[in-house]
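Remarks on the structure that follows.
Being a predicted model, the structure only gives us computed values, none of them experimental.
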Amino acid sequence: MSGMVPTLEQIDELHHKIAPSQEAYDLIHTHCVIVARIARMLAHRQNALFMRRCTLPKDAAELSAPSADGAAAVLAMAEGNSVPTNGTGAAQLAVPPSDGVTGGHVPPRLIDEHLVTIGGLLHDIGTYRVLKHDGTDGEPLKFAGKKYIKHGLLGYEYLLENGVDESIAQFARNHTGVGLTRDEVIRQELPLPPADYVPVNLEQETVMVADKYNSKSLPPKFVTAESYTKRAERFGEENKRRWLELLDQYGVVDVKPLAAEYHMIVI
């Protein structure tokens with residue numbers, strides 16, 4: 001590690017340095033704080049499952065491989081329906097909801113909760129550079145359509161320029177959607193250098209998943225797992241399948257308490 005792992009104070013300085021206006025800072029920094037909080041919730045749940053892995057029943061759903069079918073069952077449970085079986089119909093969830101998260105599977109290792117907090121606070125820092133109206137021109141804040149897809153790469157470059165370590169800067173680069181592959185960049189003719197923009201470790205993946213639960217589109221809002229599933233489907237069945245497998249791995253977040261705290265709507 002040759003670069004800086006920023007402190008919370010330094011993270012705030014990085015936001016203020018690039019923010020074109022207080023209005024833009026309030027929107028984007030608040031989103032990053034929310035994503036960091038959700039990422040910690042997900043990481044804490046994953047770590048709790050990991051610590052209990054040796055005491056779970058052998059047929060516990062938490063010990064099976066994540067699947068799209070499993071995600072559908074956990075979504076039903078999160079909505080207050082009966083405790084689901086796993087995709088084979090043979091196992092039930094052994095661990096009740098905790099940390100605002102229902103379901104989830106035992107991860108291969110413990111997740112660094114401090115690292116996901118740093119990553120969550122910085123993941124969207126590039127969005128300051130894709131504002132069409134940035135709060136300085138008297139117009140309401142507005143993101144610049146087709147250019148928006150570049151925000152991850154722009155944030156990554158900004159963090160590197162400011163001495164942030166590569167491992168931290170990658171949180172900005174690798175969080176878009178459920179991960180952009182080189183083939184998808186080429187096929188969709190996206191304005192990005194052909195490359196894989198996908199998480200390279202569990203911490204980055206946790207932040208990517210957490211990001212799906214909050215939207216900066218004005219007015220900012222929280223997004224339920226079910227609503228994001230419908231969004232994911234717009235980009236094809238494979239994209240939806242990847243999201244559902246992530247949902248089954250990490251569990252379903254109850255966003256309603258956070259929405260009430262931040263006075264945001266839920267969709």
Residue pair Leu27 / Lys216: nearest heavy atoms and the distance that separates them: CD1-O, 3.7 Å

Rounded distance (nearest 0.5 Å) linking atom CG of Leu190 with atom CG of Leu153: 12.0 Å

Six-ring centre of Phe50, Arg53 cation under 6.0 angstrom, axis tolerance 45°: yes

N/O donor-acceptor pair under 3.5 Å between Glu205 side chain and Pro199 backbone: no

Steps toward salt bridge (Lys or Arg N to Asp or Glu O under 4.0 Å) verdict (Lys142, Glu23): CA-CA 11 Å; Lys142 184 178 181 180; Glu23 190 178 5; over 6 Å; no

Donor-acceptor contact below 3.5 Å, side chain Glu62 vs main chain Leu56: no

Verdict with supporting geometry, Val223 and Tyr213, side-chain contact (heavy atoms from CB on, under 4.5 Å): CA-CA 5 Å; Val223 181; Tyr213 286 98; 5.5 Å; no

Residue pair Leu202 / Pro108, side-chain heavy-atom distance below 4.5 Å: yes

Student check: side-chain heavy atoms of Phe171 and Leu115 closer than 4.5 Å: yes

Distance-only side-chain donor-acceptor flag, Asp165 / Ser167, under 3.5 Å: yes

Side chain to side chain, Ile125 and Ile28, heavy atoms closer than 4.5 Å: no

Path from Val253 to Tyr250 over hydrophobic side-chain contacts below 4.5 Å: yes

His114 NE2: over 12 foreign heavy atoms closer than 6.0 Å: no

Any residue meeting side-chain contact (heavy atoms from CB on, under 4.5 Å) with Asn239, in chain and number order, not counting sequence neighbours: Val178, Ala232, Phe235, Arg242

Verify same cluster id: Met264, Val33 (apolar side-chain graph, 4.5 Å): yes

Short side-chain donor-acceptor distance under 3.5 Å, Gln249 and Glu245: no

Met208 backbone acceptor or donor facing Lys212 side chain under 3.5 Å: yes

Shortest non-hydrogen separation from Val185 to Pro194 and the atoms involved: CG1-CA, 4.1 Å

Residue pair Lys17 / Asn162, side-chain heavy-atom distance below 4.5 Å: yes

Connected via hydrophobic side-chain network under 4.5 Å: Ile11 and Ile168: yes

Side-chain donor/acceptor of His44 to backbone N/O of Met41, under 3.5 Å: no

Working for side-chain contact (heavy atoms from CB on, under 4.5 Å), residues Tyr158 and Tyr128: CA-CA 11 Å; Tyr158 169 73; Tyr128 292 108; over 6 Å; no

Chi angles and distances behind the side-chain contact (heavy atoms from CB on, under 4.5 Å) call for Tyr148, Thr127: CA-CA 7 Å; Tyr148 185 81; Thr127 54; 3.7 Å; yes

Donor-acceptor under 3.5 Å (Asp254 side chain, Lys256 main chain): yes

side-chain contact (heavy atoms from CB on, under 4.5 Å) between Glu184 and Tyr197, intermediate numbers included: CA-CA 10 Å; Glu184 287 169 327; Tyr197 301 89; over 6 Å; no

Side-chain heavy atoms of His105 within contact of Asp248, under 4.5 Å: yes

Flag if over 12 foreign heavy atoms under 6.0 Å of CD, Gln22: yes

Gln46 side chain to Val106 backbone, donor-acceptor under 3.5 Å: no

Interatomic distance, Asp196 atom CG to Leu180 atom CG [nearest 0.5 angstrom]: 9.5 Å

Shortest non-hydrogen separation from Asp134 to Ser21 and the atoms involved: O-OG, 2.7 Å

Over all atoms of both residues, closest heavy-atom pair of Leu122 and Ala172: O-CB, 4.2 Å

Validation row: Pro220, His31 side chains within 4.5 angstrom (heavy atoms): no

Gln10 (side chain) donor-acceptor with Thr7 (main chain) under 3.5 angstrom: yes

Linked, directly or transitively: Val116 and Leu49 (ILVMFWY side chains, under 4.5 Å): no

Side chain His15, main chain Leu121, donor-acceptor under 3.5 Å: yes

Test item: side-chain donor near acceptor, Asp12 and Tyr25, under 3.5 Å: yes

Straight-line distance of Lys230 NZ to Glu226 CD, nearest 0.5 Å: 5.0 Å

Backbone of His133 reached by a side-chain donor or acceptor of Asp137 within 3.5 Å: no

Leu63 side, atom CG; Arg52 side, atom CZ - distance, nearest 0.5 Å: 10.5 Å

Gly135 versus Leu141, closest heavy-atom pair with distance: N-CD2, 3.4 Å

Trace of the salt bridge (Lys or Arg N to Asp or Glu O under 4.0 Å) decision for Glu261 with Arg37: CA-CA 12 Å; Glu261 178 181 343; Arg37 289 182 63 179; 2.7 Å; yes

Linked, directly or transitively: Val255 and Leu75 (ILVMFWY side chains, under 4.5 Å): yes

Contact check, side chains of His16 and Glu13, non-hydrogen atoms, under 4.5 Å: no

Heavy-atom donor-acceptor pair, Asn47 side chain to Ile111 backbone, under 3.5 Å: yes

Rounded distance (nearest 0.5 Å) linking atom CD1 of Ile34 with atom CG of Asp124: 11.5 Å

CD1 (Ile186) with more than 12 external heavy atoms under 6.0 Å: yes

Residues, nucleotides or ligands: over 12 heavy atoms within 6.0 Å of Glu157 CD: yes

More than 12 heavy atoms of other groups within 6.0 Å of Met4 CE: yes

Between Thr181 and Asp183, a side-chain donor and acceptor under 3.5 Å: no

Distance, nearest 0.5 Å, that separates CZ of Arg173 from CD of Gln204: 9.0 Å

Side chain to side chain contact (heavy atoms under 4.5 Å, CB included), paired with Asn174, selected from Asn201, Val200, Val207: Val200

Glu9 CD: over 12 foreign heavy atoms closer than 6.0 Å: no

Glu113 versus Arg40, closest heavy-atom pair with distance: O-NH1, 3.4 Å

Candidate pair Glu238 and Arg241, rule salt bridge (Lys or Arg N to Asp or Glu O under 4.0 Å), full reasoning: CA-CA 5 Å; Glu238 175 60 20; Arg241 183 192 63 78; 2.4 Å; yes

